[in-house]
Amino acid sequence: QVQLVESGGGLVQAGNSLRLSCAAAGRTFRHYTMGWFRRAPGKEREWVAAITGSGSSTDDSDSVKGRFTLSRDNAKFTVYLQMNSLKPWAPAVYSCAASSRIYRDYRQYNYWGQGTQVTVSS
């Protein structure tokens, strides 16, 4: 089991950057693939990106490709989502989640954080 806590959200202007962190509690952290999802009110949860336990492989959605970078530091039990060139988007809660491998389907993730709010203003 792993507990997850996100941080780093806030209000940012379009074109700027923001880095989200997901801190994990649990010695098995390095065995988990970590994913990020976002959800705006009235919209479906959207997969953003995922990274394998070793950090050797990542995958991200077309909507963020080239702008968002996912990384992890297993020694610090933390995953980072660097978001650059942010586009105006509805306020959304970004959540990290743990799974056994890279999935784009949120239902394949077993453990979730509470999320952190991100608002990108135009």
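Starting from 1, each residue takes its place in the sequence as its number.
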Checklist entry - Taking a hydrophobic cluster as the set of Ile, Leu, Val, Met, Phe, Trp and Tyr residues connected by side-chain heavy atoms closer than 4.5 Å, whether directly or through intermediates, do Val5 and Met34 fall within one such cluster? => result no
Next on the checklist: With a 4.5 Å cut-off on side-chain heavy-atom distances among I, L, V, M, F, W and Y, is there a chain of contacts connecting Ile51 to Trp47?
Outcome noted: no
Item to check | Contacts of type side-chain hydrogen bond (donor to acceptor under 3.5 Å, both in side chains), residue Ser56, not counting sequence neighbours | outcome: Ser54
For [X] and [Y], which heavy atoms make the closest approach, and how far apart are they?
{"X": "Val118", "Y": "Gly9", "result": "CG2-CA, 4.0 Å"}
{"X": "Thr33", "Y": "Thr52", "result": "OG1-CA, 3.6 Å"}
{"X": "Phe29", "Y": "Ala24", "result": "CD1-CB, 3.2 Å"}

[X] atom [atom1], neighbour heavy-atom count above 12 within 6.0 Å:
{"X": "Arg104", "atom1": "CZ", "answer": "yes"}
{"X": "Gln117", "atom1": "CD", "answer": "yes"}
{"X": "Gln114", "atom1": "CD", "answer": "yes"}

Pairwise distance [atom1]([X]) to [atom2]([Y]) - rounded to 0.5 angstrom:
{"X": "Leu18", "Y": "Phe68", "atom1": "CG", "atom2": "CZ", "answer": "9.0 Å"}
{"X": "Ser121", "Y": "Gln13", "atom1": "OG", "atom2": "CD", "answer": "5.0 Å"}
{"X": "Glu46", "Y": "Arg39", "atom1": "CD", "atom2": "CZ", "answer": "12.0 Å"}
{"X": "Asp59", "Y": "Leu70", "atom1": "CG", "atom2": "CG", "answer": "10.0 Å"}

Quiz: residues 74-98 side-chain donor-acceptor pairs under 3.5 angstrom, not counting sequence neighbours:
{"residue": "Asn74", "atom": "OD1", "partner": "Arg72", "partner atom": "NE", "Å": "2.8"}
{"residue": "Asn74", "atom": "OD1", "partner": "Arg72", "partner atom": "NH2", "Å": "3.3"}
{"residue": "Asn74", "atom": "ND2", "partner": "Gly53", "partner atom": "O", "Å": "2.9"}
{"residue": "Thr78", "atom": "OG1", "partner": "Lys76", "partner atom": "O", "Å": "2.8"}
{"residue": "Gln82", "atom": "NE2", "partner": "Asn84", "partner atom": "OD1", "Å": "2.9"}
{"residue": "Asn84", "atom": "OD1", "partner": "Ser17", "partner atom": "OG", "Å": "2.8"}
{"residue": "Tyr94", "atom": "OH", "partner": "Arg38", "partner atom": "NH1", "Å": "2.9"}

Next on the checklist: Test of understanding: with side-chain contact (heavy atoms from CB on, under 4.5 Å), list the residues that count as partners of Asp62, not counting sequence neighbours.
Outcome noted: Lys65
Checklist entry - How are the rings of Tyr109 and Phe37 set to each other: parallel, tilted or perpendicular (split at 30° and 60°)? => result perpendicular
